[in-house]
Student: 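Here you go, one structure.
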Number of protein chains: 2
Amino acid sequence: MHEKHAKFFVNLLGADNAYFDDAHRIAYCYDATRKRHLPDGVLFPRDERDVSEILKYCNENKIIIVPRGAGSGFTGGALAHEGGVVLAFEKHMNKILEIDMQNMVAVVQPGCININLQREAEKLGLFYPPDPASQEYSTLGGNVSENAGGMRAAKYGITKDYVMALRAVLPSGEVIRAGKRTIKDVAGYNISGILIASEGTLAVITEITLKLIAKPKFRKTAMGIFPSVNAAMNAVYKTMAAGVTPVAMEFLDALCIRAVETKFNKGLPQDAGALLITDVDGDVLDGLEQDLATIERVFRENGASEFRRAKDESERNDIWFARRNCSQAINIYGNLKLNEDITVPRSKLPELLERIGGVAEKYGVQVPCFGHTGDGNVHTNVMVVDKADPSQVESGHKAIEEIFKIAVELGGTLSGEHGIGISKAEFMPLAFTPAEMELFRNIKKAFDPNNILNPFKMGL
Amino acid sequence: MHEKHAKFFVNLLGADNAYFDDAHRIAYCYDATRKRHLPDGVLFPRDERDVSEILKYCNENKIIIVPRGAGSGFTGGALAHEGGVVLAFEKHMNKILEIDMQNMVAVVQPGCININLQREAEKLGLFYPPDPASQEYSTLGGNVSENAGGMRAAKYGITKDYVMALRAVLPSGEVIRAGKRTIKDVAGYNISGILIASEGTLAVITEITLKLIAKPKFRKTAMGIFPSVNAAMNAVYKTMAAGVTPVAMEFLDALCIRAVETKFNKGLPQDAGALLITDVDGDVLDGLEQDLATIERVFRENGASEFRRAKDESERNDIWFARRNCSQAINIYGNLKLNEDITVPRSKLPELLERIGGVAEKYGVQVPCFGHTGDGNVHTNVMVVDKADPSQVESGHKAIEEIFKIAVELGGTLSGEHGIGISKAEFMPLAFTPAEMELFRNIKKAFDPNNILNPFKMGL
């Protein structure tokens, strides 16, 4: 970083909020992709005014800005792969500013950790449903920028369904407000709508107003064991079509079940073809019993050999154990995991899983799959036995590309939750036409004419 | 219309799909604003390819295009106030293309009438919740373009909450696809998000994929009579805070009650201060009884002198009669109605209604209010006794402007459902900063560099 620029940032923020030393640069050079890109500096804005001054200066001096939440992203959204300064919100702009009981909304700063909001809301009998697997550490600013999903999406939707209003700063330094603390607001373009999932490329979010709902009083958990992936996938969409909206409908395939059993010995049948774990919730116990009865009937009609209901919290935890520890367990299949989060319409799940099986065979890799099948979102893990062998790694990457093509063919998407960032940038032409890519670039330019905000991400 | 252009359109579409005669121009010159603006021609595209060819030609020749649904809008979104050709979808592009039971989505053309989708979905046990008052004739293309609300928004949200994917044509003639038949999709910018509520200014929507949900099995209706608006407004948000999410929580003030009684003699207490009508729905009767018991308790705690539950369909219709016929009944207060649809956070409803009372007094007008208080959306009707008297009309307009200012001050919006169009364009600077307006213009330019799509609407 040019000394002149470093001086400006130190003057603006104070020496304890602007760092250019190696220790800080290294500490902010990684994310969950395990890629590393050293930024030129790390800034900790104290408030929106700081953000505005930083952006204005960077815009005038063409300095790249990379906004960063917890750095828990899977696609490099928070990586300074072209250099520039990282804008980190964890130090100061991390607060819950307000929980408004009357209007059932929360106002938070971007660096606020997801679980903190969930906990505070629940203390008041309210509920913030989006629960990405990273909820214990990921920030709401990051969640909004990536439009994070989670386990409860099948019933409660994803981050975008809870964003009511945003404050954000444009590269010019101008502060904009988008949306209101109201369900209905149709004045002006839906700026919140386009900022969500924009991966920090359009503006820097400085305040988020989120919808809260009443906390459901009861929750029930059940599990079904299926002879095949196909049977389980049929059970998923037939359950929803039968009028039940489970909170979660989570899936493990045979490879995942075997891995969990091998590692943790939990008494799952080693020869099971697939496993579905489902949660239902609501305010009326009778209603939940009805739902569970419907689920059991549909599961059995679709070949479930076993159906277990959790009688208490400890049985619930037992059932969920397999799902929660699955990602870790499948490391038995290799020391390099290429994990993607493709999503297809629910009805296409059987075909998707079958064709992934074909890809695995073709490239001689194992591809354990698990995920949120209630919303068609499958975490696909191409396991490379030995990452030291370049030919194995290459086969893994080829398998991934083929799986992306299949997802798109089936009307699905490259990413259900993780975003595009730098990891999936090269695959954008599989999913979008040149006209669509050009429109993205024009929108980027409308917000950020000098291309200083997270440039060259998302294949732009 | 220049003859050269007319010829092009007739060649492209056939003489029975391209009209430039006075009869057609007049038939397509109005909407619910009662303003009239003659278009230069009316085109009935047969399919997306027609739309693409039309846009490409118009873009090259700088011909204005005004996309039009049923012309039922309240803000002039479908009016050719700067001339140009109207693009009407009612003749050909009006179909339900698919109802996909497995994924619970419907695919429709923009000219499909809202109620047709509701009916077809319900035949299959599914449910499309957004129900604008115009549902019997307004089109889903118009609903998406204005982000239409309705009675059921408090529980089920609004049009934007149901749009999963769109196909649209850019002014260049390029077809774009946005979104997927999946709950989760975070690849690329959220183009559906920005097209919703864009009032036909960014692209022409040619296909809409909408989320359907399972139809709730039971519905219950109740009514509370309150001594004052304030008491009723407190009851509204306290009901929601008590964990009940009513489908509808509709409100009539004293002037509305008196008007309905005067016109229809339905046995409502003439001296009532306010009335709340509420619907709850669900799959478990016990749960609905619980909800009604909570509502009754909260209503009575907040001063309700009477609480009626509908025992059957006929009593339900009786209760809803007042709300359904309210808009017509208040015409007893004047022959010019300036009706707006401001929205504020629910907790601000008491203050909003009180301050509207002050405005009414100041300008010597009556301002009956009714609306969807479950979501803070109040239909505010400034009644001008005699529209032939310019000074009365002027007072009415001043009152409206002041009411807008109050709504914005209270954290609300100029429009909850109707959009901005031309009617509210002049008020945009009340709600948005110059930087926000400039951003809107930049976004407009990113989609429509030649400004041919519904130009100069929304104050742009």
Side-chain angles (χ1 to χ4, degrees), chain A residues 101-104 125 146-147 149 153 157-158 161 170 174 176 180-190 193-194 196-198 214 237 240-241 243 245 283-284 286-287 290 343-347 375-377 411-417 419-420 431-432 435-436 439-440 442-443 445-446 458, chain B residues 101-104 125 146-147 149 153 157-158 161 170 174 176 180-190 193-194 196-198 214 237 240-241 243 245 283-284 286-287 290 343-347 375-377 411-417 419-420 431-432 435-436 439-440 442-443 445-446 458:
Chain A
M101 295 280 291
Q102 297 184 345
N103 297 301
M104 295 170 76
E146 301 290 331
N147 194 7
I158 54 176
D161 300 309
L170 296 175
E174 294 277 4
I176 55 167
K180 293 274 182 294
R181 203 174 290 200
T182 58
I183 293 172
K184 294 174 175 171
D185 174 24
V186 296
Y189 290 133
N190 179 12
I194 193 95
I196 295 163
S198 68
Y237 78 76
M240 324 275 289
T245 308
D283 291 340
V284 193
D286 281 359
Q290 266 182 41
T343 302
V344 297
R346 280 191 298 264
S347 68
D375 52 52
N377 185 198
T413 169
L414 299 180
S415 175
E417 308 186 312
I420 300 301
F432 298 98
E436 290 159 352
L439 179 61
F440 292 162
N442 289 341
I443 291 172
K445 220 176 281 171
M458 298 172 70
Chain B
M101 296 279 290
Q102 297 184 345
N103 297 300
M104 296 172 75
E146 303 289 333
N147 194 6
I158 55 178
D161 300 310
L170 296 176
E174 294 278 5
I176 56 168
K180 293 273 180 295
R181 205 174 287 202
T182 58
I183 293 170
K184 294 173 176 173
D185 173 24
V186 296
Y189 291 133
N190 179 11
I194 194 96
I196 296 163
S198 68
Y237 78 76
M240 323 274 290
T245 308
D283 291 341
V284 192
D286 282 356
Q290 265 182 40
T343 302
V344 296
R346 281 193 296 265
S347 67
D375 52 52
N377 185 199
T413 169
L414 299 178
S415 176
E417 307 186 311
I420 300 300
F432 297 99
E436 289 160 353
L439 178 62
F440 292 161
N442 288 343
I443 290 172
K445 220 174 283 170
M458 299 172 69

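Computation of the quantities below employed the complete heavy-atom set of this structure, encompassing side-chain atoms and omitting hydrogens, waters and symmetry-equivalent molecules.
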Student: Using a cut-off of under 4.5 Å for heavy-atom pairs, which of Val186(B), Asn377(B), Val284(B) has the most such pairs with chain A?
Tutor: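 Ranked by heavy-atom pairs under 4.5 Å with chain A, first place is Val186(B).
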Student: Could you pull out all residues at least two apart from Phe440(A) that satisfy ring-ring contact (aromatic ring centres under 6.0 Å, His included)?
Tutor: Phe432(A), Tyr189(B)
Student: Just give me the residue among Thr182(A), Leu170(A), Val344(A) that pairs up with chain B most often, heavy atom to heavy atom, under 4.5 Å.
Tutor: Thr182(A)
Student: May I ask you to name which of Gly125(A), Ser198(A), Ala197(A), Gly149(A) has the most heavy-atom pairs under 4.5 Å with chain B?
Tutor: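 Heavy-atom pair counts peak at Ser198(A).
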Student: Does any part of the side chain of Ile158(B), heavy atoms only, come nearer than 4.5 Å to the side chain of Lys184(A), both counted from C-beta?
Tutor: yes
Student: Tyr237(A): which residues meet the ring-ring contact (aromatic ring centres under 6.0 Å, His included) condition with it, sequence neighbours left out?
Tutor: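 Applying ring-ring contact (aromatic ring centres under 6.0 Å, His included) to Tyr237(A) gives none.
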Student: Based on non-hydrogen pairs under 4.5 Å, which of Ile176(A), Ile420(A), Asp185(A) is most in contact with chain B?
Tutor: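 Winner by heavy-atom pair count: Asp185(A).
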Student: With a 4.5 angstrom heavy-atom cut-off, is it the side chain or the backbone of Leu439(B) that approaches chain A, or both, or neither?
Tutor: side chain
Student: Which bit of Ala153(B) is near chain A, if near means a heavy-atom gap under 4.5 Å: side chain, backbone, both or neither?
Tutor: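 Both parts, backbone and side chain.
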Student: Which bit of Ala214(B) comes within less than 4.5 Å of chain A, counting heavy atoms only: side chain, backbone, both or neither?
Tutor: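 Just the side chain, heavy atoms under 4.5 Å.
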Student: Quick check on Glu417(B) against chain A: is it the side chain, the backbone, both or neither that has a heavy atom closer than 4.5 Å?
Tutor: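 For Glu417(B), heavy atoms of backbone and side chain both lie under 4.5 Å from chain A.
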Student: Drop me the distance from Ile196(A)'s CD1 to Asn190(B)'s CG, to the nearest 0.5 angstrom.
Tutor: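 Ile196(A) atom CD1 to Asn190(B) atom CG measures 7.0 Å (nearest 0.5 Å).
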Student: Under a 4.5 Å heavy-atom cutoff, which of Pro345(B), Gly193(B), Gly157(B), Gly287(B) has the most pairs with chain A?
Tutor: Pro345(B)
Student: Highest number of heavy-atom pairs under 4.5 Å with chain A: which of Gly416(B), Ala431(B), Gly376(B)?
Tutor: Gly416(B)
Student: Under a 4.5 Å heavy-atom cut-off, does chain B meet the side chain of Met240(A), its backbone, both or neither?
Tutor: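 Contact with chain B: backbone and side chain both.
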Student: On a heavy-atom basis, which atom in Leu414(B) and which in Ala187(A) lie closest, and how many Å separate them?
Tutor: CB-CB, 4.3 Å
Student: Does the side chain of Lys445(A) reach to within under 4.5 Å of the side chain of Asn442(B), using non-hydrogen atoms?
Tutor: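 With C-beta onward as the side chain, the pair stays apart.
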Student: Would you name the heavy atoms of Lys180(A) and Gly411(B) that are closest together and state the gap between them?
Tutor: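 In this case the closest contact between Lys180(A) and Gly411(B) is CD-O, 3.3 Å.
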Student: As an exercise: rank Arg346(B), Met101(B), Glu436(B) by heavy-atom pairs under 4.5 Å with chain A and give me the winner.
Tutor: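 Answer, by heavy-atom pair count under 4.5 Å with chain A: Glu436(B).
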